[in-house]
Each structure stands twice: as C-alpha cells, then as structure tokens.
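Handing you this structure, nothing more for now.
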Number of protein chains: 2
Amino acid sequence: MTLRDVAELAGVSSRTVSNVVNGYANVTERTRLRVQQAVDQLGYRPNVLARNLARGRSGQIAVVVPYLDTPYFSELLQGIIRAARVQGYNVLIDQTDGDREHERMLINHGSSRLLFDGVIFSPLGLSQQALADRDPDLPLVVLGERVSDGTFDHVGIDDVTASRQATEHLLDLGRTRLAAIGDQPYETGEAAQLRTRGFREAHERRGLPVREDLVIGTPRFNRVDGAGAMAHLLDRDDPPDAVFCYSDLVALGAIHTLVGRGLRVPEDVAVIGYDDIEDGRYSNPPVTTISPDKEMIATTAVERLLLRIGSATAPPGLELRAPHRLVVRESTAGRRAG
Amino acid sequence: MTLRDVAELAGVSSRTVSNVVNGYANVTERTRLRVQQAVDQLGYRPNVLARNLARGRSGQIAVVVPYLDTPYFSELLQGIIRAARVQGYNVLIDQTDGDREHERMLINHGSSRLLFDGVIFSPLGLSQQALADRDPDLPLVVLGERVSDGTFDHVGIDDVTASRQATEHLLDLGRTRLAAIGDQPYETGEAAQLRTRGFREAHERRGLPVREDLVIGTPRFNRVDGAGAMAHLLDRDDPPDAVFCYSDLVALGAIHTLVGRGLRVPEDVAVIGYDDIEDGRYSNPPVTTISPDKEMIATTAVERLLLRIGSATAPPGLELRAPHRLVVRESTAGRRAG
DNA sequence: CATGCTGTTTGCAGCGCTGCAAAATCGTAG
DNA sequence: CTACGATTTTGCAGCGCTGCAAACAGCATG
C-alpha cells in the first residue's frame with residue numbers, strides 16, 4: 001500500500017498523491033477529491049519511516065528529565081506531549097537519573113543521528129560548561145534553573161523571587177526560626193542555590209539574620225531527603241518553627257517526620273513546598289507551595305523548540321520566564337486555609 | 001557522514017562497514033579494526049531513519065497508558081523504558097485519558113504506518129470487543145485486567161486473589177463493617193470488578209455478608225474520587241470501620257477525608273490501598289497496600305512484545321501473572337507497623 | 001491565434017541504509 | 001599445484017517518500 005498504488009488508482013502521479021496527503025497548496029479540488037477517494041478506498045496510510053528519511057527529519061523531539069516518577073516532571077510532561085502532538089510531533093521521553101554521561105550523550109544527538117529533531121532538557125548532572133560543549137546543531141530548550149548562554153532557550157520561573165516570596169510568607173506568619181531544606185552548594189546545584197538565595201534575600205529585606213545551621217543540603221529533592229533532613233533538624237537544640245522545602249516532595253517527607261514525632265503542622269512547625277504537585281493538595285495537611293505555571297512552561301518550551309527546528313538560522317537564545325504564584329494551604333495557614 | 005564515506009576511508013565496501021557497525025558475524029578482526037578506526041576518526045553515527053526504512057522497522061514501541069501522572073503508571077514506565085532500552089528499543093509514550101477513540105486508533109497503528117513496531121497497552125475505555133477488532137498485524141501486549149483472547153499477551157497480577165487477601169487482612173484485624181471504594185459495574189470496568197469479586201470472596205470464605213451499601217463506585221482511581229467516596233461513606237448512619245481502596249491514590253484521598261473529619265487511621269477506620277506507589281510509603285499514616293511486582297511486569301511485557309515483533313508467525317497469546325504481596329503499614333496496623 | 005502568465009501536475013533522483021545473492025578470498029585436502 | 005568447501009567481502013537494488021525543477025495546462029491579453 002504505497003503512494004504509487006494510490007496514484008495508479010486515482011490516475012495521477014504519485015507526487016500529486018503526496019501533495020494531497022500532505023495538504024500542500026496548488027491542488028485542484030477535482031484532483032484532491034479523486035485522490036482522497038482512492039486513499040480512502042485503499043485505506044492508504046503514509047509510511048512515516050520513508051517520509052522521515054526523505055525529509056531528513058524524524059518528527060520527534062526528545063524530552064530529557066532526570067526522573068520520570070517525580071510528579072513535577074510527569075505533570076510537566078503531559079503538557080509537553082499535548083503541545084507537541086498538536087504540532088504533529090511525537091515525544092521521546094528519556095530519564096537520565098541525573099547521570100552526567102547519559103545527559104551529555106543525549107544533548108549530542110544520542111548514539112545515532114536523527115532519532116529526534118530537538119531536545120527539551122532538564123539538566124541535573126550537567127554543568128554549564130558541558131551544556132556549552134554540546135552539538136551546536138541540535139535545537140535545544142532547557143528547563144529549570146540554568147541561564148542561557150545565548151545558543152539555546154531557557155524556560156523557567158523566577159526562582160529567586162519565588163523563593164523569597166515563600167520565605168516571606170513564613171516570616172509573615174510570625175515564625176522566627178526558619179529552616180531551608182534542599183540546598184546544593186556545588187556546581188550542578190544551581191537550582192537549589194537560587195532558592196537559597198531567595199531565602200536569604202527575604203531575611204535581608206526584613207533585617208533578620210539567616211540561621212545558617214538550619215540550612216540543610218540534600219542530594220535530591222524527594223520524600224526520603226525531606227524526611228531525613230527534617231529528622232536532622234529536629235535533633236537540634238533549637239529546632240525550627242518553619243521550614244522552606246525546595247520541592248513539594250521534600251515537604252511531604254518533612255511533614256511525614258514531623259507528624260511521626262508527634263508535632264503538629266503548622267502549629268509547631270509550618271511547612272512550605274515548591275512545585276505544586278497534585279500530591280501536595282491531598283496530603284495531610286495540604287501543602288502550601290510555590291506553583292509554577294506548568295502549562296505555560298510546557299507550551300512555551302515546545303513552541304520555541306519547534307521554531308528552532310524549523311528555522312535554518314538558529315534564533316537567539318532567549319530567557320523565558322513563566323509566571324508563578326504562592327498557593328497558601330493548611331501546612332502554613334492551618335485549618336482555616338482548607 | 002555516511003556509510004560510504006567510512007567505507008572509502010577504510011578501503012572496504014559500504015556493506016562491510018554496515019556489517020561492522022551492526023556487529024554482524026563473519027567479519028575478520030583485521031577489517032573490523034580498520035573499519036572501527038575509520039568510524040572513530042570520522043565520528044560516524046548511523047542514520048536511524050535510513051536504517052529504519054531499509055529494515056522496515058522503526059525500533060520503537062509505544063506504551064499506551066490512560067494517565068501519565070498516575071504514579072503507578074510512571075513507576076511502571078520507568079521499568080519498561082529501561083527494559084526496552086537494553087534491547088535497543090525506544091519507547092513512545094502515549095496518554096489516552098481513557099478516551100475510547102484515541103485508544104482504538106493507537107492499537108491500529110495510529111494514523112501512520114510503522115511509527116512503532118508494537119504496543120504495550122493499558123486499556124481503559126476500550127471494551128474486549130474493540131480489542132479483538134484491532135489491526136491483527138500489530139504486536140500487542142496488554143497490561144492490567146483484561147483476559148487475552150489468544151491473539152495478544154496479557155501481563156498482570158491475580159487481582160481476585162490479591163483483593164481477597166487485602167480484604168482478609170482487614171477482617172483479620174477484627175473489623176466488621178468493611179467498605180470498598182472503586183467499583184465500576186459496567187463494561188469497561190473489568191479491573192474494578194475483579195477487585196470487587198475478591199472483596200466478596202473474602203467475605204464468603206468467612207461466612208460473612210457483604211455490606212452492599214458500603215461498596216462505592218468511582219469513575220476513576222485517584223485522590224479526588226477517594227476523598228469524595230469516603231465523605232459519602234461517613235455520612236451513613238452506620239459508617240465503616242475499614243476500607244478497601246482499589247488504588248493507593250484512592251486510599252490517600254480517603255485518608256485525607258478521614259483525617260479532615262477528625263477520625264483516626266487506623267484506630268477509627270483502617271485503610272488499605274492497591275499498587276504500592278511511593279507516595280503511599282511516605283504518607284501519614286503510611287498506607288498498607290497490595291504490591292504488584294512492577295519490575296517483573298515491565299520486563300515481562302517488553303520481553304513478550306519484542307518476541308512478537310521478532311517472530312514471523314505470531315506466538316500464541318499468553319496469560320502472564322506477575323507476583324504480588326501484601327505490604328502491611330500503619331494505615332491498618334497502627335504505629336507498631338511503622 | 002500567438003504570447004505570456006499563473007497555477008497545477010509530473011518525473012526523476014536520491015535520502016542512507018540493509019537484504020540478498022553473487023563474487024572473491026582463504027585454507028585445506030587430494 | 002589444483003580443486004573444493006567455508007568464510008569473508010562486495011554490488012546492486014530498493015525501502016517509500018519528498019525536493020527540485022521541468023513540463024504542462026488554463027486563461028487572459030495583445
């Protein structure tokens with residue numbers, strides 16, 4: 001069942017059938033109808049493989065995330081898949097586990113050419129330098145907290161501001177001993193560092209000192225890390241009365257520890273998270289959080305990537321900021337927020 | 001940078017380069033070395049598009065799930081992706097939202113041929129009949145609770161037994177008023193119905209009557225459904241003292257409602273879930289659950305699918321059962337389980 | 001009725017690889 | 001030294017489609 005078969009039945013050239021199938025301009029209504037009829041009659045469906053080869057494009061984009069089972073990413077992915085499909089693109093999903101080598105390979109087109117036409121990439125293990133050293137011909141959009149060097153687009157929210165707002169929210173509640181869970185003071189921890197900066201800024205604005213001993217690092221941003229760090233904090237002489245967690249998962253882990261120790265949230269310790277994942281809305285108590293506009297991030301990323309793929313000369317790398325907002329729930333405001 | 005370029009540099013035919021690149025047998029060590037050197041020198045990487053066209057296979061499999069942000073699926077997906085990659089296959093992920101039409105399209109090769117060589121499918125909206133009416137040439141492995149009609153493989157756990165065990169666990173705790181949340185007494189709700197059957201069997205074995213008014217249906221298996229159904233149950237004159245939830249998400253939603261109403265879990269109401277998602281381990285309290293061996297399900301599904309793809313004559317459709325176990329946590333056993 | 005114009009259709013080459021079968025090479029035995 | 005089987009290498013065709021540019025309308029104009 002090839003173009004040629006359809007062409008024969010319709011009494012036109014195969015090139016014309018191709019034109020019809022692809023909705024190209026300049027086809028008479030008469031021929032279009034005749035071809036369409038033949039297509040329907042034979043149940044013809046184009047062979048993507050051949051099309052891809054001829055076009056030199058795969059019609060696929062890769063989305064590279066560190067972890068797939070992280071709700072934040074799977075929620076984001078849904079938006080990306082939807083947006084890509086609308087444009088006739090398929091999405092290949094890749095999980096790197098933050099593995100540096102794996103990440104490097106992927107932004108260099110993987111092990112074979114043309115599997116995907118571009119990448120939406122959420123780096124974890126990769127340094128800014130490694131990003132710069134990538135295959136320059138592979139269209140790239142970066143998510144998260146990197147800064148564009150001008151050769152790719154970067155989509156994210158304003159982390160420093162968001163983190164400052166989160167911290168200010170805790171201060172507004174009258175809390176005085178604020179902890180932060182999730183700092184990563186090393187090269188690849190830029191995301192975390194921006195949040196720490198926001199945390200500090202909030203203190204500075206109020207003229208308050210940062211309780212340095214309550215700023216805790218974690219290797220990742222999930223429940224276990226949060227639970228462990230919280231336990232650590234509670235063992236201090238002067239434990240915190242509020243915690244800024246660098247992700248909702250961390251917050252859920254922290255709450256888990258708190259409740260496990262018989263402490264009340266938020267009465268004894270207020271907890272704020274980051275990401276606004278669905279779990280946080282149905283936890284006990286529901287988690288106050290910074291909510292990035294994920295839909296916007298997803299569509300913007302896809303849009304920019306396809307633009308890059310489509311244009312012969314690479315457009316300049318943009319810094320794109322999606323909006324975010326503070327969503328107050330019970331984990332800081334208490335029952336009245338529910 | 002094509003095979004031909006490499007061939008020229010190495011002084012062999014392009015076919016030989018192809019043989020080397022693909023690790024085919026019958027290549028002298030000497031030539032292999034020479035070719036490999038040329039490959040490295042030129043940084044040659046095969047063009048997957050061309051390879052796919054020539055081979056008539058895309059090297060991709062589609063995984064079709066109803067919802068991507070459901071932790072159960074994203075956890076399963078990770079295993080599938082890993083298993084597929086090992087075999088040199090890529091995974092295309094598709095979310096259907098349970099849409100019947102979308103599902104039907106996908107098990108008929110989508111809108112174009114050869115995008116994927118086979119499908120791992122977790123049906124939701126599709127009836128048994130629709131499954132049977134699919135494109136018979138598309139290798140298919142079904143996950144979940146369908147029964148194979150002999151033309152595809154089916155991988156799942158023994159839902160009836162698992163559900164019976166879950167229910168028996170509640171009865172063992174001395175609970176007498178058992179509720180079940182998640183029944184779906186209609187054509188496409190087979191998964192739910194098997195669980196309800198297990199729920200009944202447990203009662204029958206003990207010679208106890210099923211409290212029919214405490215068997216609650218829900219359209220889906222997530223938090224909101226669980227929260228709503230639980231609220232509903234608590235408004236009864238004679239509310240349950242134990243609840244069997246047909247997914248962990250439902251259980252989390254139910255617990256949310258319970259705690260919100262000031263009830264204690266498990267003292268007032270014991271809650272058991274299904275799926276053993278990570279969230280359930282870090283919730284308050286941690287959720288007792290039926291834990292399917294997801295790793296096993298994933299690898300089995302991939303293995304069987306690739307076998308189908310590889311063999312000219314379709315192998316018989318198998319019913320494959322992955323093991324499961326009951327994991328007891330605090331939501332039924334109380335603090336001592338933690 | 002020739003001319004030029006726009007709009008439509010066509011033919012051909014080729015994307016880069018692999019399947020197939022033939023050709024070349026090698027090693028061994030007669 | 002020749003013949004033969006086994007192994008290694010090669011040549012060719014073609015997967016099914018699209019890019020390109022040429023060919024062919026159809027139509028209005030001079």
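Letters A, B, ... mirror the listed sequences (proteins, then strands); counts begin at 1. Just the heavy atoms: all of them, side chains too, but no hydrogens, waters or symmetry mates, feed the values below.
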When every non-hydrogen atom of A:L140 is compared with those of A:F152, the smallest separation belongs to O-CB, 3.4 Å
Here the distance between atom C1' of D:dT9 and atom CZ of B:R32, to the nearest Å, is 13 Å
Q. Within the structure shown, what part of the strands sits under 4.0 Å from B:V48 by heavy-atom distance: base, sugar-phosphate, or nothing?
A. nothing
Taking the side chain as everything from C-beta on, heavy atoms only, tell me whether B:T151 gets closer than 4.5 Å to B:R134. yes
Rounded to whole Å, CD of A:E8 lies from C1' of D:dG16 at a distance of 15 Å
*Assign B:T16 to base, sugar-phosphate, or nothing according to its heavy-atom contacts below 4.0 angstrom with the strands shown.*
base
Review point. What does A:T31 touch in the nucleic acid at a heavy-atom separation under 4.0 angstrom: a base, only the sugar-phosphate, or nothing?
Key: sugar-phosphate
Notebook entry, point to check: Will you find, in the side chains of A:D117 and A:S58, an N or O donor that is under 3.5 Å from an N or O acceptor?
Noted result: yes
**Message:** Under 4.0 Å, heavy atoms only, any strand: does A:N19 hit a base, just the sugar-phosphate, or nothing?
**Reply:** base
The side-chain contact (heavy atoms from CB on, under 4.5 Å) partner of B:Y44 among B:D5, B:V21, B:V35 is B:V21
Taken to the nearest whole Å, OH/A:Y24 to P/D:dA21 is 16 Å
B:R55 CZ to D:dA13 P, in whole Å, measures 22 Å
Between CG of A:L53 and P of C:dA13 the distance, given in whole Å, is 18 Å
Will you find, in the side chains of A:D94 and A:H102, an N or O donor that is under 3.5 Å from an N or O acceptor?
yes
Ranking C:dT18, D:dT18, C:dC15 by distance to the side chain of A:S18, first place goes to D:dT18
B:E29 CD to D:dT8 P, in whole Å, measures 11 Å
Considering only heavy side-chain atoms of A:V12, the closest of D:dG16, D:dT10, C:dT10 is C:dT10
From the candidates D:dC17, C:dC17, D:dT10, the one with an atom nearest any side-chain atom of B:S13 is D:dT10
Query raised in the report: Below 4.0 angstrom from OP1 or OP2 of C:dG16, is there any side-chain N or O of B:T2?
Result: no
Check this one for me: any side-chain N or O of B:N47 less than 4.0 Å away from OP1 or OP2 of C:dC15? no
(message) Students often get this wrong, so: under 4.0 angstrom with heavy atoms, is B:R15 touching a base, only sugar-phosphate, or nothing?
(response) base
When rounded to whole Å, the CG to C1' distance for the pair A:L114 and C:dC15 reads 10 Å
Whole-Å distance, B:N26 CG to C:dG19 P, equals 14 Å
Exercise. Between D:dT9 and B:T28, is there an OP1 or OP2 to side-chain N/O distance shorter than 4.0 Å?
Worked result: yes
